[in-house]
Amino acid sequence: MSGVARDQDVDIDLGQLVRAVWARRFRILAITLVGAGVAFAGAKIMSPQYRSETRILIEPRAPAFANTQQINDASAAPLMDELNIASQVQLLQSADLLKKVINDLKLYNLPEFDDAANGSAMSSILVKLHLKKNPLENPPEERIIDAFIERLQVYQVPGSRVIGINFTSKDPKLAAAIPNAMANVYLSTQSGAKLDSNSEATRWLEPEIESLRQKVSDAEKKVAEYRTTHGLLQTNGTTTFPAQQLNDISAELTRVRGDKANAEARAQAVRNALSSGEASDTLPDIMSSQAIQRLKATESGLQSQISDLQTSLLNNHPRLKSLRAQLSDIRGQIRQETQKILASIENETKVADLRAKELERQKDAVQANSARAGEDEVGLNALEREANAQRQLLETYLVRYREAASRADSNSSPADARIVSRAIEPVDPYFPKVVPIVIVAAVATLIVSAIVIMLAELFSGRALRPVDTSPRRAEENSAIEEEDVREAAPVVVATVRKPVQPSMLAIVADEDDAVEEAKAAEEVPEDDNEFSVASVADYLTGSRAPLAIAISPTGDNGSAATVSLTRMLADTGRRVILIDMTGSGCPTALMAEDRSALGVTDLLCGEAAFGDTIHSDRLSDAHLIPQGQSDVRRAMRGVDRLSLLLDALAAAYDLVVVECGAADVAGVSRLTRSRNVEIILSLPDVEETIFVTLMTEFQAAGYERVVLMSNGDGTEQELGRAA
């Protein structure tokens, strides 16, 4: 009936819903008019009710003839909080106050407040059916109070200390008179209560003040004598010097004991590994030793050679015997190095133990001094507390006595409230409001009618339409989005210093000038081991940098070292991704399963989605974004978008490595929005001129963290794997 198959995806046709409502507009209009007419008739039948309001402000008040000091004391008094205001609201609704208002206005003579005496046919029927209690069973006074409370509303105005008194009545004059009468009775009651309280307070405070004055004088003399006797000088601090020194020593002792326990645990772990013969590669102290790492690498190479030769030679062949002897010697050296590490950790334990003993001795000495000073302060603190308590009590009594004495007269104790708005006789009835009732009824009828028609269309299936899920539509939307964010800005970089394959970042417009080379200002480090691939990997792990830019001025040799660095970081458990921005595509050849995989150029040209360009390394847990197959010059027009790509990858990976090949400072600056990056100069064979020049250029551009990676062992291994 709707033209939609059962297993087909559907969507709601909003146009059909609007057309269905418009086609039945006359029916909806007729129903709306009927609803509005019924609401109008009902509003006219109801009896009008009038409402008026009086507002009272709760605030501390002083008599008009009070002196300046009393006025200042009253203004400095704390304002009433929410609980006090709520208490005044309940006081205005108390039975005693309501009875006084009812008697003053003689409301018991009005039939409006005793409907039960007149009765009605419906009320009589409900009483006979025992569905309603007979109101005549209650006393007349209680019935009047109940009717009064039903029409009364006392509330606190939100965010203020104002109390509103609303009263609803059929008589507009009575609706205004009752709130005003309640306010007057409330103010009179409050003023009388304050007068009685002040008179009683004055009689009680006089003898108490004289007694407290003598007690305060005696307590202060005792404090002064105790300080003089025990030599306790008053300081600004809250603790004594011995106590502070004891706290510092205790904190240092706790730290030293923790270091000792840590060293003992590390030493025990190494001893267990040595005694059980288990592999110690997982221990942090063993793994951090460069000598162990070199021996492990040699051991791995010997095992590999033995495995290869066993396939072609017999077990007793001299070559195999020689290799096995070398392997045994290497393992012995590894065990000796492990013993040295164990001895170093045990020395740390001994030093921590000696330090802890010395701190314990100092702690005992300081603790004895602090105990003696603390014993003297106990007595002083007790005397000071007693003196302060007596002094505060005396000051409080004096303030109360002055206030009570100044307000002992009947005209000197105004209520802590005043009327800020008196009720006036209302002109328009509060209820019912004919026009709003009719409008609300009409709008509600209109909305309900439209909703019923829409639901009928949905349940019938006429407002449903099939959804087009073909992939061509999605591809068109993706192409449109890529075209909107594409930019055409050429990259300005310096010329390459060696005849190697240029970086993707080095493709520039012909009219751009090259960047000047800076003069060399630093010397090349002499220790190559400090700049090996493993050392750079340890440095990046410790720095926790989100982004590393690798520059390879010598070409593929440097790119292969960057690949080795990425794999080494992945083997430590870090989530690492490498982006191939070289001109030769060396990282792609070393890591990708398929050199024709989609990559960064396809992404910049809008020919591939972001997720399709991320691939896994074939030899490690690292990820790779290859070079890609699109035109490099066309891709580099949108190179400014790479900063957004790097930000997204930095949020998903622990480290993002960008291999730029033979790039320079200008090209690298286009990739990063800030200078908070690691610059790695990948030079397997250190050339002083190239290194010093690049180091100077990057530091002049604001890149302070420039690292040299010069060991080529990993480079040859990665090139061998690629072959």
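Every value quoted in this text rests on a predicted model; they were computed, and no experiment measured them. Along the sequence shown, the residues carry numbers beginning at 1. Below, all heavy atoms of this structure are taken into account, side chains as well, without hydrogens, waters or symmetry copies.
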A.B. asks: Tell me which pairs pass salt bridge (Lys or Arg N to Asp or Glu O under 4.0 Å) where either residue lies in residues 420-441, with sequence neighbours left out.
C.D. replies: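 Pairs touching residues 420-441 that pass the test: none.
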
A.B. asks: Restricting to pairs with a member in residues 36-55, which pass salt bridge (Lys or Arg N to Asp or Glu O under 4.0 Å), not counting sequence neighbours?
C.D. replies: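 Of all non-adjacent pairs touching residues 36-55, those that pass salt bridge (Lys or Arg N to Asp or Glu O under 4.0 Å) are E53-R55.
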
A.B. asks: For R27, I'd like to know if atom CZ has over 12 heavy atoms of other residues, nucleotides or ligands within 6.0 Å.
C.D. replies: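 Not more than 12 within 6.0 Å, no.
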
A.B. asks: First locate atom CG of L91, then atom CG of N84, and finally report the distance between them rounded to the nearest 0.5 Å.
C.D. replies: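 If I round to the nearest 0.5 Å, the distance is 12.0 Å.
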
A.B. asks: Looking at R151 and E112, is any side-chain nitrogen of the basic one under 4.0 Å from a carboxylate oxygen of the acidic one?
C.D. replies: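 Salt bridge present between E112 and R151.
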
A.B. asks: Is Y430 atom OH crowded by more than 12 heavy atoms from other residues, nucleotides or ligands, each under 6.0 Å away?
C.D. replies: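 No, the 6.0 Å shell around OH holds no more than 12 heavy atoms from other groups.
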
A.B. asks: Holding to side-chain hydrogen bond (donor to acceptor under 3.5 Å, both in side chains), I want the full list of residues that pass it with Y401, two or more places apart in sequence or in another chain.
C.D. replies: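 Checked Y401 against side-chain hydrogen bond (donor to acceptor under 3.5 Å, both in side chains); matches are E206.
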
A.B. asks: Side-chain contact test, heavy atoms from C-beta onward, threshold under 4.5 Å: evaluate it for L174 versus L107 and give yes or no.
C.D. replies: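 Answer yes - side chains close enough.
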
A.B. asks: Does the side chain of V420 reach to within under 4.5 Å of the side chain of I56, using non-hydrogen atoms?
C.D. replies: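 The answer is no, as the side chains (C-beta and beyond) never meet within the 4.5 Å cut-off.
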
A.B. asks: Do the charged groups of E607 and R634 touch, with an N to O distance under 4.0 Å?
C.D. replies: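 Yes, E607 and R634 are salt-bridged.
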
A.B. asks: Could you measure the distance from the CD1 atom of I419 to the CG atom of L57? Nearest 0.5 Å is fine.
C.D. replies: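 I419 atom CD1 to L57 atom CG measures 11.5 Å (nearest 0.5 Å).
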
A.B. asks: A417 and L187: which non-hydrogen atoms are nearest, and at how many Å?
C.D. replies: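 That would be O-CD2, 3.5 Å.
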
A.B. asks: Looking at residues at least two apart in the chain, or sitting in another chain, which of them share a ring-ring contact (aromatic ring centres under 6.0 Å, His included) with F148?
C.D. replies: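 By the ring-ring contact (aromatic ring centres under 6.0 Å, His included) rule, F148 matches F167.
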
A.B. asks: With a distance cut-off below 6.0 Å to the six-membered ring centre and an angular limit of 45° from the axis, does R25 pair with W22 as a cation-pi contact?
C.D. replies: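 Yes, a cation-pi geometry holds between R25 and W22.
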
A.B. asks: Kindly state each residue pair satisfying side chain to side chain donor-acceptor pair (under 3.5 Å) with at least one member in residues 89-102, sequence neighbours excluded.
C.D. replies: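 Listed by first then second residue: nothing to list.
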
A.B. asks: Measuring only between side-chain heavy atoms, which start at C-beta, is S160 closer than 4.5 Å to V157?
C.D. replies: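 Heavy-atom side-chain distance check passes, below 4.5 Å.
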
A.B. asks: Any chance CZ of R400 has more than 12 other-residue heavy atoms, nucleotides or ligands included, within less than 6.0 Å?
C.D. replies: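 No, because the 6.0 Å sphere around CZ of R400 holds 12 heavy atoms or fewer from other groups.
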
A.B. asks: With sequence neighbours excluded, tell me which residues meet side-chain hydrogen bond (donor to acceptor under 3.5 Å, both in side chains) with Y397.
C.D. replies: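 side-chain hydrogen bond (donor to acceptor under 3.5 Å, both in side chains) list for Y397, sorted by chain: empty.
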
A.B. asks: Determine whether more than 12 heavy atoms belonging to other residues, nucleotides or ligands lie under 6.0 Å from atom CD1 of I209.
C.D. replies: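 Atom CD1 in I209 is packed in, count exceeds 12.
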
